[in-house]
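In what follows, a structure is listed as structure tokens, so that the remarks can point back to it.
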Amino acid sequence: MAAPCEQVSRWSAPSGNVFGAGNVKKGIKIPPTSEFRRLLSLATPERWRLAASLGLLVVSSAVTMSVPFCIGKVIDIIYTELVNQGDKMKERLQQICSILVVIFIIGGLANFGRVYLMNLTGNNIVRRLRSQLFSSIMRQEIGFFDKNKTGELINRLSTDSSLVGSSVTTNISDGLRSVAQAVGGVSMMCYVSPKLAGIALCIVPPIVLMSRFYGRYVKNITKQVQDSLASATQVAEERISSIRTVRSFAQEKREVAAYDEKIDHILMLSYKEALARGIFWGSTGFSGNMIILSVFYSGGLMMTESQISVGDLSAFLLYAAYVGVSIGGMTTFYSEMMRGLGASSRLWYLMDRTPTIPVSGGVIPTSEVVGNLSFNNITFSYPARSDMQIFSDLSLLVPAGSVTAVVGASGSGKSTLGTLLLRFYDPTKGSVVLDQENIRDLDPMWLRTQIGSVSQEPVLFSCSVAENIAYGAQDPTKVTAEEVEEAAKKANAYHFIQTFPEGFNTMVGERGLMLSGGQRQRVAIARAILKDPKILLLDEATSALDAESEYLVQEALERVMVGRTVITIAHRLSTIMKADQIAVLDKGAIAEVGSYRQLMGLNNGMFRKLVERQTITS
Ligand SMILES: Nc1ncnc2c1ncn2[C@@H]1O[C@H](COP(=O)(O)OP(=O)(O)OP(=O)(O)O)[C@@H](O)[C@H]1O
């Protein structure tokens, strides 16, 4: 069975803030190499392909550079033969043209190889970059996702990585070709006529200076564009995935306007870049043409004094044109490199970030899990809202194999207890202990395999029912169809799955939205059953399921609870009454603990008041 996509549950935290400039250094190992060298180092694993491509680059550039020289010779042959009225013109012309055809074929093939290999290399680099980036994102602690929005992260993965990839491959290749052609062109210009070369090369220093300013400007603006793009993607991603909410509130126009506002900002930045681009290319183009004109003028004068032949002047002009194009290419190379640098800094931030809670690593107990849990003197606030304390000195014992119902007002922190047990967050003070081991010392991956959770609004992956159920197993690929069916039967899901024309192969839609709330819950229960965890975290649905659905869900849950340590966020009186103990959360601590009878027996007790007021709902 194929491993399904990803799941988000109520136990996972909502996404939050952008990574602001102030955060950039937080949690990063500063890379030992400079940004530029690091950018280049991306190409290191591709060195052989790059070397081959560079070899071909030399060949194609040599071919290009030989063209003006040969054309100059052709012109001289024609001119000399015309002046001397010789009869060998056709023969010599054919000879030199045949040689040129061979040279052009070699050049064409070399160019094909260079472009092909460079593109291959670029795609490999982008693939590696995306893989490393995604694996780094997957490693981050849940608190990171509270602060960094999904759309932004997706933008880093898609747009930034291809920008960075192309800046170190195609761009470097084109840049090197420009350098090679500029050097070759200048050498040939000096060879053909040092005097004219001196006039033509006056243009180089001002262009180099302008390029530097232009490159820096582009780097800056690219950073801003990429950030704004990420923010626009975030808006689009959130609104598209919540289209049902947008539609039901008839907010389409407002959302389009909000998105437009974001892309308008990008447009404004692009205007600035376009202006800089226009100024740069306009002025360099003008200077280039003025230089060509000066060369023409001086060359013409030199011709009248027989200091240069018509062929040499033509060759010189062609070389000058090549050098002009190459200088333009070098400028593009520089500005694209700056663009790549601008996009890469965010990627390095993501790739270097060390999660505050590792995904794996730590003690894996050799003995069987018993399931005794204790929350000891917990103080906690969410990293994204550190000024709001959720727990202060909270303690709770959950004996192995018992059912503990957690009750309390909405926002009192019931779900937060679950997130601490799953080690999505670490308490600021205090400890969560499983069978005498502080969970901070345990391998988080191992810990999470011991805990099954069924949340209030379980989210499924956009794949088949069977794949969603199999996701509960440690290795979903090894789960058999029989095991999936068995879990579905225990979760009271088998019957409704059978009513679908495609049965277990039915696709559930994005986040499982093609199933009803009750059906989603039962698939989630089947998923938890397949995991066979020692500890269960249950979050009862507050949303009204119909009586039949509620009965089926409840019955399935009760079946799963047997023989496990259960923490349930209970809203139904029936669940609460059946629990071995009830913990009442109030003001960041456990206000009361005891059985239903004990707590109802407390005059003025908080639980009793909650029941009397019927406010034991979330
Ligand atoms: N990821 C988060 N970042 C910042 N604050 C959070 C986060 N998750 C929850 N909170 C806040 O923590 C408090 C406790 O939330 P929690 O979800 O644990 O309450 P609850 O008792 O389960 O509520 P309910 O019964 O309504 O689901 C709330 O005030 C909530 O706003």
Side-chain angles (χ1 to χ4, degrees), residues 7-20 23 26 137 140-150 152-153 234 238 355-357 373 375 378-396 398 404-430 432 451 453-459 517 521 524 536-545 566-573 575-576 579 582-593 606-607 609-611 613-618:
Q7 174 212 19
V8 185
S9 80
R10 187 169 185 266
W11 301 101
S12 54
S15 56
N17 196 8
V18 203
F19 32 117
N23 275 347
K26 221 172 146 186
I137 291 172
Q140 300 307 318
E141 77 283 356
I142 297 295
F144 170 87
F145 297 94
D146 290 348
K147 292 180 191 158
N148 297 291
K149 296 176 187 169
T150 317
E152 290 218 355
L153 297 173
Q234 157 63 19
E238 200 172 78
T356 54
I357 301 173
L373 289 172
F375 294 83
I378 304 272
T379 299
F380 176 69
S381 36
Y382 280 99
R385 238 185 257 158
S386 49
D387 49 348
M388 190 176 118
Q389 195 145 305
I390 310 294
F391 298 139
S392 53
D393 208 23
L394 173 145
S395 293
L396 175 67
V398 180
T404 298
V406 182
V407 299
S410 174
S412 55
K414 301 183 290 292
S415 304
T416 306
L417 270 183
T419 61
L420 292 182
L421 178 60
L422 281 163
R423 222 183 147 210
F424 286 174
Y425 304 91
D426 277 334
T428 328
K429 275 191 210 151
V432 182
I451 305 167
S453 65
V454 180
S455 65
Q456 209 177 64
E457 282 156 18
V459 175
Q521 277 222 323
L536 256 186
L537 280 174
L538 301 177
D539 207 339
E540 277 186 354
T542 43
S543 50
L545 296 178
V566 182
I567 297 181
T568 174
I569 297 170
H571 302 291
R572 293 185 200 90
L573 208 55
T575 319
I576 296 168
I582 300 159
V584 185
L585 257 177
D586 185 46
K587 297 193 182 85
I590 302 291
E592 289 169 14
V593 190
M606 178 156 280
F607 179 71
K609 277 188 204 154
L610 280 170
V611 173
R613 278 193 238 135
Q614 299 200 316
T615 52
I616 312 168
T617 53
S618 67

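Along the sequence shown, residues carry numbers from 1. In listed order, ligands and their atoms are each counted from 1.
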With a 4.0 Å heavy-atom cut-off (strictly under), which part of Lys414 contacts ligand 1: side chain, backbone, both or neither?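 Both backbone and side chain of Lys414 come within 4.0 Å of ligand 1.
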
State which residues pass salt bridge (charged side-chain N to carboxylate O under 4.0 Å, His left out) with Glu141; sequence neighbours excluded, sorted by chain then number.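 So Glu141 forms a salt bridge (charged side-chain N to carboxylate O under 4.0 Å, His left out) with Arg353.
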
With heavy atoms of [X] as the reference, note each atom of ligand 1 found under 4.0 Å away.
X	value
Ile390	12 (O), 13 (C)
Met388	29 (O)
Tyr425	1 (N)
Ala409	21 (O)
Thr416	14 (C), 15 (O), 16 (P), 18 (O)

Using the ring of each side chain (for Trp, its six-membered ring), is Phe380 parallel, tilted or perpendicular to Phe391, with breaks at 30° and 60°?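 Rings of Phe380 and Phe391: tilted, 30 to 60°.
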
Is there a heavy atom in Gly413 that sits closer than 4.0 Å to ligand 1?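 The answer is yes: ligand 1 sits under 4.0 Å from a heavy atom of Gly413.
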
Would you say the side chain of Phe145 lies within less than 4.5 Å of the side chain of Ile137, judging by non-hydrogen atoms?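 Counting from C-beta outward, Ile137 and Phe145 do come under 4.5 Å.
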
Taking atom 6 (C) of ligand 1 as the point of reference, which of Phe380, Tyr382, Phe145 owns the nearest heavy atom?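 That would be Tyr382.
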
Please name all residues satisfying side chain to side chain contact (heavy atoms under 4.5 Å, CB included) with Asp586, sequence neighbours left out, ordered by chain then number.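 Only Ala591, Met606 meet the side chain to side chain contact (heavy atoms under 4.5 Å, CB included) criterion with Asp586.
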
Is it true that Tyr382 and Thr416 share a donor-acceptor pair across their side chains at a distance under 3.5 Å?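 Yes, Tyr382 and Thr416 have a side-chain donor paired with an acceptor closer than 3.5 Å.
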
Straight-line distance of Leu394 CG to Ile590 CD1, nearest 0.5 Å: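 Reported to 0.5 Å precision, the distance equals 4.5 Å.
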
